[in-house]
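Heads up: the structure comes next, in structure tokens.
Throughout, residue positions are numbered sequentially from 1 according to the sequence presented.
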Amino acid sequence: QNVVPSYTDVTYQNATNNITKKKNTVKGAYTRSQDEKERTAKKIYGNKAEQLAYNYYCKKYGKDKVIPRSEAFVDLGILKPGQEKSGLYDLSYISEDGSEFFVEVKGSDGHSFTITPGELEFAEKNPDKFKLMLVYEIEKAPDSKCAELPDKFWEDERYRLKPIIEKIRVEF
């Protein structure tokens with residue numbers, strides 16, 4: 001798919017101290033298939049985001065300057081199984097001056113995203129080479145949008161980092 005998202009600037013919301021909790025809309029017992037469906041839907045959404053970001057960077061720098069890294073590119077047919085290399089970023093690209101940049105791609109609602117502690121640690125260790133690309137309105141392709149966050153976004157007060165615990169798996 002050769003759809004390229006349009007590039008936009010990041011917009012910011014005012015900080016709030018209100019913590020909103022999602023109401024549990026699921027009724028009845030937890031089922032493994034419910035969890036698997038949710039995980040599959042998130043994976044498909046993330047893969048689409050990575051495809052769109054890949055297309056964006058290929059158009060901007062040339063396909064020969066963009067190096068896919070994540071397992072999503074195996075699912076997308078861009079890499080063969082075993083060719084994926086990094087769990088800390090999704091792709092890299094070589095800029096016009098020959099510098100390599102590492103890109104983590106996040107499918108987003110345009111106002112928030114989730115980053116793992118390992119991804120953030122990698123970003124902090126490589127602040128001048130790390131880019132975070134948000135891809136949103138994915139369902140509106142070919143009118144999807146993308147935005148690259150400012151360098152060292154984690155130091156910018158407009159980005160409020162909130163540790164969350166999404167799930168706790170209990171096995172027995």
Task: Joint cluster assignment, Ile44 & Ile138, ILVMFWY side-chain distance < 4.5 Å - done: no
Task: Intermediate values then yes/no, side chain to side chain contact (heavy atoms under 4.5 Å, CB included), Leu88 and Thr116 - done: CA-CA 9 Å; Leu88 302 173; Thr116 68; over 6 Å; no
Open item on the list: Could you check whether Lys106 pairs with Glu104 (Lys NZ or Arg NE/NH1/NH2 to Asp/Glu carboxylate O, under 4.0 Å)?
Closed with: yes
Task: Side chain Asp90, main chain Val105, donor-acceptor under 3.5 Å - done: yes
Open item on the list: In this structure, would Leu120 and Val10 fall into the same cluster of hydrophobic residues linked by side-chain contacts under 4.5 Å?
Closed with: yes
Task: Test: Glu71 and Lys43 ion pair at under 4.0 Å - done: yes
Open item on the list: As an exercise, state the distance from NZ of Lys65 to CD of Glu96, rounded to the nearest 0.5 Å.
Closed with: 9.5 Å
- [ ] Kindly say whether Ser112 contributes a backbone atom to a donor-acceptor pair with the side chain of Asp109 at under 3.5 angstrom?
- [x] yes
Distance-only criterion, 3.5 Å: show the donor-acceptor pairs between side-chain atoms of residues 76-85 and protein atoms not counting sequence neighbours.
from: Gln83; atom 1: OE1; to: Lys80; atom 2: N; distance (Å): 2.6
from: Glu84; atom 1: OE1; to: Gly82; atom 2: N; distance (Å): 3.0

Open item on the list: Walk me through whether Val4 and Lys60 qualify under side chain to side chain contact (heavy atoms under 4.5 Å, CB included).
Closed with: CA-CA 10 Å; Val4 177; Lys60 185 171 182 175; over 6 Å; no
- [ ] Write down the atom of Tyr56, the atom of Cys146, and the distance for their closest heavy-atom approach.
- [x] CD1-SG, 3.8 Å
Open item on the list: When you compare the side chain of Val66 with that of Leu91, does any pair of heavy atoms fall below 4.5 Å?
Closed with: yes
TODO: State whether Glu36 and Lys42 are salt-bridged, where the test is any N-O pair (Lys NZ or Arg NE/NH1/NH2 against Asp/Glu carboxylate O) under 4.0 Å.
DONE: no
TODO: Mark yes when over 12 heavy atoms from residues, nucleotides or ligands other than Glu139 sit less than 6.0 Å from its CD; otherwise mark no.
DONE: yes
Task: Main-chain N/O of Asn47 paired to Glu50 side chain as donor or acceptor, under 3.5 Å - done: no
Task: Lys152 side chain reached by Asp128 side chain, heavy atoms, under 4.5 Å - done: yes
Task: Step-by-step side chain to side chain contact (heavy atoms under 4.5 Å, CB included) determination, Phe113 to Leu149 - done: CA-CA 12 Å; Phe113 63 91; Leu149 269 57; 3.7 Å; yes
- [ ] Apply side chain to side chain donor-acceptor pair (under 3.5 Å) to Asp97 and list each qualifying residue two or more places apart in sequence or on a separate chain.
- [x] Ser95, Ser99
TODO: Look at the aromatic rings of Tyr93 and Tyr61 and report parallel, tilted or perpendicular, splitting at 30° and 60°.
DONE: parallel
Task: Reported CD-to-CG distance for the pair Glu100 and Asn126, which is rounded to 0.5 angstrom - done: 10.0 Å
Open item on the list: Return the CG to CD1 distance between Asp64 and Ile67, rounded to the nearest 0.5 Å.
Closed with: 9.0 Å
Open item on the list: Ignoring hydrogens, what is the shortest heavy-atom contact between Gly110 and Ser108? Give both atom names and the distance.
Closed with: N-OG, 2.8 Å
Open item on the list: Students often mix this up, so state it plainly: with edges at 30° and 60°, are the rings of Phe153 and Tyr159 parallel, tilted or perpendicular?
Closed with: perpendicular
Open item on the list: Is it true that, when you exclude Lys131 itself, more than 12 heavy atoms of the residues, nucleotides or ligands shown sit nearer than 6.0 Å to its NZ?
Closed with: yes
Open item on the list: So which atom in Ala147 and which in Tyr7 form the shortest heavy-atom distance, rounded to 0.1 Å?
Closed with: CA-CE1, 3.9 Å
Open item on the list: Tell me whether Ser144 contacts the main-chain N or O of Glu137 through its side chain, where contact means a donor paired with an acceptor under 3.5 Å.
Closed with: yes
TODO: Look up atom CG in Leu52 and atom NZ in Lys145, then write down how far apart they are to the nearest 0.5 Å.
DONE: 12.5 Å
- [ ] Please confirm whether Lys129 makes a cation-pi placement over Phe101, using NZ or CZ under 6.0 Å from the six-membered ring centre and within 45° of the ring normal.
- [x] yes
- [ ] Hey, could you give me the CG/CG distance between Asp156 and Leu161, rounded to the nearest 0.5 Å?
- [x] 10.5 Å
Task: Separation of Thr114 OG1 from Ile164 CD1 (nearest 0.5 Å) - done: 4.5 Å
Open item on the list: Which residue in the set Phe130, Tyr89, Tyr57 passes ring pair (Phe, Tyr, Trp, His ring centres under 6.0 Å) when paired with Phe102?
Closed with: Tyr89
